Each structure stands twice: as structure tokens, then as C-alpha cells.
Amino acid sequence: MFKRVLIANRGEIAVRIIRACRELGIETVAVYSTADSESMHTEIADIKICIGPPQVTKSYLNISNIISAAKITKSDAIHPGYGFLAENSLFAKECEKNEIIFIGPGYELMDIAGNKSMAIEVMKKNKIPVIPGYDKGLDDPGFAVRTARKIGYPVIIKASFGGGGKGMRIAADDKDIKTLLPLAKSEAKNAFGNDHVYLEKYILHPRHIEFQIIADNHGNVFSPGLRECSIQRRHQKVIEEAPPVNISRKTVELMEATVLKAAKVLNYQNLGTFEFLLDSKENFYFIEINTRLQVEHPVTEMTTGIDLVKEQIKISSGNDISDIRKNYFSVKTNPDRQRASGHAIEFRINAEDPENDFMPSPGKIDYIHLPGGPGVRFDTFIQCGSTILPYYDSLIGKLIIWGRDRNESLNRALGALKEFKIEGIKTTIPFHLKILGNKNFNEGNFSTSFISDENIL
Ligand code: ADP
């Protein structure tokens with residue numbers, strides 16, 4: 001096992017990883033920008049080291065500063081969390097060059113997954129269903145129009161190296177393609193450093209369903225279940241659940257077989273998520289692989305009892321997962337192939353003002369009262385007196401609720417969100433309460449366009 005792990009991240013995920021290391025008896029190193037010198041992750045780690053000024057390019061994205069911090073502190077491994085450098089294969093390569101273990105899959109795999117159109121090609125070759133589209137690069141608008149017509153409108157233009165729901169454009173006709181293609185390309189170039197885009201049929205009212213996988217370096221791989229991530233705002237997840245509602249066992253089994261086949265083909269190691277869109281007839285289509293811990297990993301933890309972060313760290317240090325795999329399958333008496341115990345739901349609490357177009361709401365937290373009780377978990381880095389900084393993303397915590405079934409967890413969630421009090425900044429709590437008050441949401445009757453369809457603002 002590692003002696004010391006550096007966490008190349010901040011916020012709630014840095015705190016989450018430090019706690020997992022602590023349980024494993026591993027010393028932790030927190031890195032921080034000058035703006036974050038008093039942030040919770042720096043207080044609870046064994047060692048803290050400054051890696052630069054507030055701007056992310058100069059601190060949390062600064063590969064050479066982070067590698068130097070790991071060397072100075074004699075860290076054996078780096079956990080990247082999610083976001084920042086978590087999917088940067090160059091960073092993983094630099095870690096290897098410096099004999100530091102990168103906690104994640106190998107960089108060859110990150111290279112495939114990081115280029116979405118390449119990942120789609122690999123899936124297609126292995127007969128895994130993908131969305132009809134064109135992924136070989138689109139430079140000429142005339143060619144793009146002919147291709148879009150062949151696919152059939154509406155189509156979606158997506159950045160091959162994109163992420164976080166950014167840079168996607170929906171085109172309803174030839175005119176849209178001509179105007180949106182150059183925009184999408186320049187946006188992709190600015191945001192992701194590469195202007196490669198591809199076209200996909202735009203699926204109307206799909207659900208976003210994803211599979212968590214765990215794989216070790218010894219050829220063992222299994223899935224501890226799937227998650228529903230259809231409640232989205234501007235293609236970004238807002239609420240996630242495990243297991244999904246209203247999905248047939250047959251589809252779950254088929255999807256799982258597909259995922260495990262893909263993981264084997266790719267010789268996948270460590271944690272990963274295979275994302276799919278599911279249409280109203282339960283046809284499913286691969287969209288992408290995330291080669292890292294997901295923001296929404298706790299809903300899987302709450303329904304399986306597996307600590308995904310601890311397992312991830314153990315796998316990177318060479319552990320064999322056959323035991324947890326065996327226990328996972330043998331202790332379950334539930335014949336349901338979804339294998340989930342109970343139901344969990346996660347609400348992303350952001351420092352944003354839902355009444356003002358979700359404008360970021362940085363500032364000092366003057367007062368906070370956290371909800372509690374059975375089945376209530378809050379992963380965060382904030383406390384009374386904390387300052388939410390304008391330089392970083394607005395996620396201040398994740399409220400994760402577990403119940404014996406979906407009704408119980410939704411009911412518990414309603415109580416917890418009502419009890420939750422934060423003063424000094426605006427948050428998305430009122431927005432979540434509106435969703436919880438929606439009949440279709442409660443009945444499990446929704447798709448990725450739920451928020452706009454139901455006009456929840
Ligand atoms: P990112 O990596 O930026 O999150 P994804 O490819 O995972 O991008 O897609 C994010 C979301 O965008 C999906 O969950 C879905 O809501 C929407 N989306 C992406 N592709 C399509 C598509 N072809 N048809 C309909 N919706 C799509």
C-alpha cells in the first residue's frame with residue numbers, strides 16, 4: 001500500500017479522497033492555490049503545499065508545479081479527483097516519468113476515451129451500439145450539410161475533446177449547420193484546445209444512464225450498478241440516482257453485458273464509467289467513457305456499500321478485487337439483476353442563484369445548518385465562515401440521501417432540503433425543491449429535457 005498520496009484537487013472531492021486515505025492508513029498531501037490556503041482540504045491533510053496563484057492554469061492545472069510538489073513531499077501516488085487534470089493523459093505520463101503512480105487507468109486508455117470520436121470508433125468496431133452520426137472531422141460546411149441530411153435532422157454538433165456538457169450545438173436544418181458549425185469549432189478550440197467536432201443524430205427525450213465499472217490490474221472486472229443522470233440543466237447533471245427507475249431488467253442485463261465486453265476489449269483498469277443514452281423504446285447508445293471518479297459516485301456507494309475511492313486507491317497499489325467482487329455477488333439475496341440495495345439520490349448544491357439565471361454566487365457563508373438523520377450524507381468542504389471563491393466551479397457540496405426504496409429517499413430528501421439552511425450566498429436548494437415538487441419527477445417519468453419540458457426555472 002502507498003505510504004503517502006498527493007491529492008491534485010480541491011473542494012469536496014479533495015476532502016472525500018483525504019478521508020478515504022486516512023481510513024487506509026495513508027498520509028495525505030493537500031495542494032492549494034494561494035486563494036485556498038485555509039480551505040478544508042488543507043486543514044485535514046497531513047501535509048499542505050502551495051502550488052501557485054488562484055488562476056487554475058497557474059495552480060490546479062499546473063502539471064510541473066504539481067509534480068514538483070509530489071517530489072518534494074515524497075508522495076508515492078497522485079489522486080487527481082475529477083475535473084482539473086483527472087483526464088489529462090499528459091499528466092498521467094508525467095507522473096509515470098517521475099515514478100509516481102497516477103491513480104486512474106493508463107494513459108493509453110485515457111487517450112482513447114479523451115477523444116470521444118475515437119472512443120465511438122472503438123465501440124463501433126466491437127459492435128457496441130452508438131448513435132448514428134459522423135465522427136471523422138467536419139471542416140467543409142457543404143460536406144457537413146450533406147452528412148447531416150444523411151443522418152437526418154435534428155443533429156447535434158459535439159466537440160471530440162469536449163466535456164462538462166459544454167460546446168454542444170443542436171442543428172434543426174441546413175441553415176443551422178452553416179451557422180453553428182464554425183461557432184462550435186471555434187468554441188471547441190477555445191475551450192478544449194482542439195477544434196475537432198463530430199455530428200450525431202439528436203435523440204429526442206432520451207435518458208442518460210451510466211454504468212460504473214471496477215477493474216483491477218489482474219483481469220478482474222465487474223459493475224456495481226448503474227445510475228440515472230437524466231435530470232440535467234444545459235447538458236450538465238443536476239440530480240443523480242441509483243438505481244434508475246422504470247427500466248426493464250432485460251435492458252439492464254443487455255447494457256451490462258455490453259459494458260463488460262467493452263471493458264475487456266479495452267483491457268480497462270481502475271474505475272470507469274460508460275455513459276449511454278436510452279430512447280423511449282429502451283434502445284441504448286454509447287456516448288462516452290469517463291476514466292475517473294464521477295461526481296455522482298456516492299449514489300453507487302450508498303446502494304452497494306462499496307467505498308469506490310478506497311477501492312480505487314487499493315487497485316492502483318496492486319490489489320486484487322476478486323474478494324470484493326465475490327462478496328458483492330454472494331451477499332446479495334435480492335434476485336433483481338440491478339443488485340442495488342435500496343435507493344440513493346444525489347443533489348448537487350451549487351453556489352448559484354436560480355432566480356438570476358444560475359449566476360455564480362461567491363461570498364462568505366455567514367450561517368449554515370446541515371440536515372441529518374438516517375440515510376443523510378453531505379459531502380462538502382464548507383463550514384460556517386468559509387468563503388466561496390469566484391475562481392473555481394460552484395459546487396459547494398453534494399447531498400446524498402438513501403432510503404429503502406425511491407419513495408422513502410424522495411421523502412427524506414424533501415425533509416433534508418427544507419431543513420438545510422445557508423446564509424450569505426445563494427444556492428440551488430430552492431431549485432431542487434421545485435424538482436422534488438414535480439409530479440412527473442416523483443413518478444419517474446422524465447428525460448434529459450425534463451427541466452425545460454416542465455419549465456422548472
Ligand atoms: P459531456 O462529456 O460534455 O458531458 P456527453 O456526450 O456526455 O457530453 O453528453 C452530455 C449530455 O448531452 C447527455 O447526457 C445528453 O443530455 C446530451 N446529449 C449528448 N449527445 C446527445 C445526442 N446525440 N442526442 C441527445 N442528447 C445528447
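Source: prediction; values computed, not measured.
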Practice task
Give the ring-plane orientation class for Phe161 versus His196, where under 30° counts as parallel, over 60° as perpendicular and anything between as tilted.
Solution key: perpendicular
Problem - Parallel, tilted or perpendicular: rings of His41 and Tyr60 (30°, 60°) - result: tilted
Nearest heavy-atom pair of [X] and [Y]: which atoms, and what distance?
| X | Y | answer |
| --- | --- | --- |
| Glu346 | Pro298 | OE1-CD, 3.3 Å |
| Thr258 | Pro129 | CG2-CD, 4.3 Å |
| Ile78 | Ala70 | CD1-CB, 3.9 Å |
| His205 | Ser449 | ND1-OG, 2.8 Å |
| Thr28 | Ala45 | OG1-CA, 3.4 Å |
| Val130 | Tyr285 | O-CD2, 3.5 Å |

Side-chain contact, heavy-atom cut-off 4.5 Å: [X] with [Y]?
| X | Y | result |
| --- | --- | --- |
| Phe431 | Ile451 | yes |
| Asp216 | Asn319 | no |
| Lys48 | Val29 | no |
| Leu436 | Phe441 | yes |
| Asn62 | Ser59 | no |
| Tyr391 | Arg10 | no |
| Ile429 | Lys418 | no |

Can a salt bridge be assigned to the pair [X] and [Y] using a cut-off of 4.0 Å between side-chain N and carboxylate O?
| X | Y | value |
| --- | --- | --- |
| Arg16 | Asp307 | yes |
| Glu96 | Lys93 | no |
| Glu454 | Lys434 | no |
| Arg233 | Asp357 | yes |
| Glu296 | Arg348 | yes |
| Arg4 | Asp76 | no |
| Arg377 | Asp379 | yes |
| Glu311 | Lys314 | yes |
| Glu352 | Lys426 | no |

Exercise for the section: Determine whether the side chains of Thr273 and Arg227 contain a donor N or O and an acceptor N or O closer than 3.5 Å. Expected result: yes
Problem - Under 3.5 Å side-chain donor-acceptor pair for Ser316 and Asn270 - result: yes
Fill in the blank from the handout: Contacts satisfying salt bridge (Lys or Arg N to Asp or Glu O under 4.0 Å) that involve residues 263-285 (not counting sequence neighbours) are Lys237-Glu275
Exercise for the section: Among Ile67, Asn65, Ile66, Leu61, find the residue that satisfies the side-chain contact (heavy atoms from CB on, under 4.5 Å) test when tested with Ile63. Expected result: Ile67
